[in-house]
Amino acid sequence: MRKRLRWEGVLDVSDYQNVVNIVYVGLLGIEKDISEECESEFHHSYKKELLLYESYQKVEEVILWQLERYKIDAVLLLGTSVGEMYPKPEMSHIGQIEILVDKKDMPQINKLMLDMDYELKEDSVGSGIIYVRVPGVRIVFYNNMPIENKAARQFFPGTAKRFRKMDSYRYIHMLTNEEEYLYRIGRMVEMYITGRLKIRDIMDIWQYRKQLGERFRWKAVNESLERAVWQEFADQIVVLAGLWFGKEADADEQYGLALELEEYILSRGRENKHLDETLLPCEKVRLDFYWRNRDKEWALRKQAWMFPSRDYMVQFFPVLEKYPFLLFFCWIIRNFRFLKRISVNKFKRAGFRIRVKLSDVKEKLKGMIRRKESEELPEASPETVPQAEERAEDPEGTKCAQEDEAREGEGAWNPGESQEAEAQERPEESEERECVDDSTNLKETEGEEDSEELKNQS
């Protein structure tokens, strides 16, 4: 390239179009004028895609196992099989896993996903129920086929049980090759209508077409596309993919619509009525709904509300019947009343919020004061405080302690009285001691008498 390329812009476009990992792989080994910071961001985005692919593989296996465990019939619409279409799995991009289930199973699935630490996320554009989890895993459950075209819905069976079963599963189903191709085209139609069609979507459908073999029933698929009035859209998608990723352009072929589609994608969904009417003539109503200027509509509604007609204002200002030129002043009075009412309500809400915050601060201050008091009391009298707490908890114990202290204060200790008291308390022991003393005395007297008799005999 002759001019210096602004790599920051390339990174921004690549990130939006979900092809940052492809661009990084293409930049490897090429001499380029790029800053270290920008190159590190490319590497970080590439590594993030690689880690997400591994996370999606584990998540898909766990979710399918849980659905099989709870006997919930489900159809895996889009999963991690997209990695098999590319030369290297890390070159693919998995935006989300899409699963079709019956409506009656949605409450159980909601409980199951919340138990697995998924968060419920709202999406105003899509029709499915979205669950997200760190590090960016996104699972979408549909209770009906997410394609609005009635003719296209006839391509697919009605309930999840009617789809083909996946190998080694009893309750997990999958799409056939023809059904998956039609489903991908249908999803691309929905993204085109909502302005979200990207380069990655064109690349995925191109890689999928390259894998389709001779057994693919192209005739039946083309007939289905014609019934849904999607044939022109699918053809231009193939032409544009061939311009980007295939062989060189043919001079005889017309590339006008394909180039308009390219501009639509690179401009991030800028309105093109000619392209809309040519590619999807049957979706005019939905395209008008998404492309209409809602800001302008809201401005007109706001103007009609602030300045209503004279017939409406007469109901509140009867003076306008006689003096219609006072309509401007009546508008001012009416709007002033509304502004006054709105401001009063806002002040009331603000005052209520302030009172709530003050009450919270007051409670916090009380808690802090109580903590300080509880911390200071043990430091001042560490021995008396526990005793006071024990007395407060055990009032009977305090009474007993007071009675013991009164008894101890009545007089000093007397050993004689204590011996008599012990003798009175243990009379049996005193009697035994007296018997022992008498026996010892008898033995001593008998010994003395024997000694006197021996002396006389001698």
Side-chain angles (χ1 to χ4, degrees), residues 15-16 18 45 48-83 92-149 153 156-161 163 166 169-175 180 183-184 186-198 200-201 204 268-269 286 289-290 294 353:
D15 190 23
Y16 176 79
N18 298 329
S45 301
K48 181 181 177 181
E49 291 289 342
L50 182 60
L51 295 175
L52 268 178
Y53 179 76
E54 296 176 355
S55 300
Y56 268 114
Q57 282 184 321
K58 297 177 182 178
V59 165
E60 181 182 285
E61 183 179 357
V62 172
I63 290 178
L64 294 182
W65 177 79
Q66 291 283 11
L67 295 173
E68 182 74 12
R69 175 188 175 190
Y70 288 97
K71 300 180 180 179
I72 300 175
D73 288 289
V75 183
L76 183 62
L77 299 175
L78 290 179
T80 59
S81 61
V82 67
S92 63
H93 171 77
I94 303 174
Q96 61 189 19
I97 293 178
E98 300 181 5
I99 301 174
L100 175 67
V101 296
D102 294 333
K103 188 175 181 180
K104 61 181 180 61
D105 297 323
M106 293 303 291
Q108 187 177 2
I109 288 173
N110 182 56
K111 181 179 181 302
L112 181 65
M113 298 300 290
L114 294 179
D115 292 341
M116 291 191 293
D117 297 332
Y118 282 86
E119 296 181 3
L120 185 63
K121 183 179 179 181
E122 296 182 358
D123 188 5
S124 58
V125 179
S127 59
I129 300 177
I130 304 170
Y131 297 92
V132 296
R133 194 179 72 175
V134 177
V137 177
R138 181 183 171 104
I139 313 297
V140 185
F141 285 92
Y142 301 101
N143 54 19
N144 51 27
M145 191 61 66
I147 297 174
E148 297 295 332
N149 192 309
R153 284 191 177 185
F156 310 98
T159 60
K161 293 182 180 180
F163 286 85
M166 191 179 292
Y169 287 100
R170 294 180 57 190
Y171 297 94
I172 307 301
H173 306 261
M174 60 183 295
L175 301 173
E180 184 174 356
Y183 178 75
R184 288 182 178 275
R187 294 299 293 158
M188 292 177 71
V189 169
E190 298 296 325
M191 287 184 284
Y192 176 88
I193 292 174
T194 56
R196 297 180 297 163
L197 189 63
K198 299 180 180 180
R200 174 62 70 172
D201 303 317
D204 287 345
R268 303 188 180 187
R286 296 177 61 200
F289 173 79
Y290 282 104
R294 293 184 179 84
R353 293 172 183 172

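All of these numbers come straight from a predicted model, not from anything done at the bench.
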S.K.: Phe141 and side-chain contact (heavy atoms from CB on, under 4.5 Å): which single residue from Ile109, Ile130, Ile97 fits?
M.R.: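 Exactly one candidate clears the test, Ile109.
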
S.K.: Given side chains that start at C-beta, do those of Tyr131 and Met116 come closer than 4.5 Å, heavy atoms only?
M.R.: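 Tyr131 vs Met116: side chains apart.
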
S.K.: Met113 vs Arg133, test: side-chain contact (heavy atoms from CB on, under 4.5 Å). Steps then yes/no.
M.R.: CA-CA 10 Å; Met113 298 300 290; Arg133 194 179 72 175; over 6 Å; no

S.K.: Side chains of Glu60 and Tyr56: any donor to acceptor distance under 3.5 Å?
M.R.: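 Distance-only check fails for Tyr56 and Glu60.
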
S.K.: Give, for atom CG of Leu77 and atom CZ of Arg184, the distance between the pair rounded to the nearest 0.5 Å.
M.R.: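 Those atoms lie 10.5 Å apart.
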
S.K.: Would the distance check show the side chain of Glu68 and the main-chain N or O of Tyr171 forming a donor-acceptor pair, the cut-off being under 3.5 Å?
M.R.: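 Between the backbone of Tyr171 and the side chain of Glu68 there is a qualifying donor-acceptor contact (under 3.5 Å).
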
S.K.: Roughly how far, to the nearest 0.5 Å, is the CE atom of Met106 from the CD1 atom of Ile129?
M.R.: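 Reported value, rounded in 0.5 Å steps: 3.0 Å.
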
S.K.: Between Tyr142 and Tyr183, which heavy-atom pair has the shortest distance, and what is it?
M.R.: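 Where Tyr142 meets Tyr183 most closely, the heavy atoms are CE1-OH, 4.3 Å.
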
S.K.: What are the two closest non-hydrogen atoms of Val101 and Ala74, and how far apart are they?
M.R.: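 Closest pair (atom of Val101, atom of Ala74, distance): CG1-CB, 3.7 Å.
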
S.K.: Quick one, Ile139 with Val59, criterion side-chain contact (heavy atoms from CB on, under 4.5 Å). Give me CA distance, side-chain angles, the key distance, then yes/no.
M.R.: CA-CA 9 Å; Ile139 313 297; Val59 165; 3.8 Å; yes

S.K.: To the nearest 0.5 Å, what is the distance between CG (Leu64) and OH (Tyr169)?
M.R.: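 So the CG of Leu64 and the OH of Tyr169 are separated by 5.0 Å.
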
S.K.: List the atom of Leu100, the atom of Ala160, and the distance in Å for their closest heavy-atom pair.
M.R.: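 Looking at all heavy atoms of both residues, the shortest contact is O-CB, 4.3 Å.
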
S.K.: Knowing that exactly one of Leu52, Leu78, Asn18, Thr80 qualifies, which makes a side-chain contact (heavy atoms from CB on, under 4.5 Å) with Ile94?
M.R.: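 One option only clears the test, and that one is Thr80.
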
S.K.: Atom OH in Tyr70, atom CG in Asp105: separation rounded to 0.5 Å?
M.R.: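 If we round to the nearest 0.5 Å, Tyr70:OH and Asp105:CG are 13.0 Å apart.
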
S.K.: Show your working on side-chain contact (heavy atoms from CB on, under 4.5 Å) between Leu76 and Met174 and close with a plain yes or no.
M.R.: CA-CA 5 Å; Leu76 183 62; Met174 60 183 295; 5.5 Å; no

S.K.: Roughly how far, to the nearest 0.5 Å, is the CG atom of Leu197 from the CZ atom of Arg268?
M.R.: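 So the gap between those two atoms works out to 14.0 Å.
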
S.K.: Would a distance-only check, ignoring hydrogens and angles, find a side-chain to backbone donor-acceptor pair under 3.5 Å from Asp201 to Lys198?
M.R.: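 Yes; at least one donor-acceptor contact below 3.5 Å.
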
S.K.: Could you tell me whether Glu54 and Lys58 make a salt bridge, using a distance below 4.0 angstrom between a side-chain N and a carboxylate O?
M.R.: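 Judged by the 4.0 Å cut-off on N to carboxylate O distance, Glu54 and Lys58 do not form a salt bridge.
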
S.K.: Quick one: does any side-chain atom of His173 pair with a main-chain N or O of Phe163 as donor and acceptor, under 3.5 Å?
M.R.: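 Present.
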
S.K.: Calculate, to the nearest 0.5 Å, the distance between atoms OG1 and CG belonging to Thr159 and Asn143 respectively.
M.R.: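 That separation rounds to 13.0 Å.
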
S.K.: Heavy atoms, side chains only, cut-off 4.5 Å: are Pro135 and Val137 in contact?
M.R.: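 When only atoms from C-beta onward are counted, Val137 and Pro135 do touch, with a gap below 4.5 Å.
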
S.K.: Taking side chain as C-beta onward, heavy atoms only, is Ile99 less than 4.5 Å from Ile63?
M.R.: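 Heavy-atom side-chain distance check passes, below 4.5 Å.
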
S.K.: With distance as the sole test, does Glu190 use its side chain to make a donor-acceptor pair with the main-chain N or O of Ile147 at under 3.5 Å?
M.R.: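 No.
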
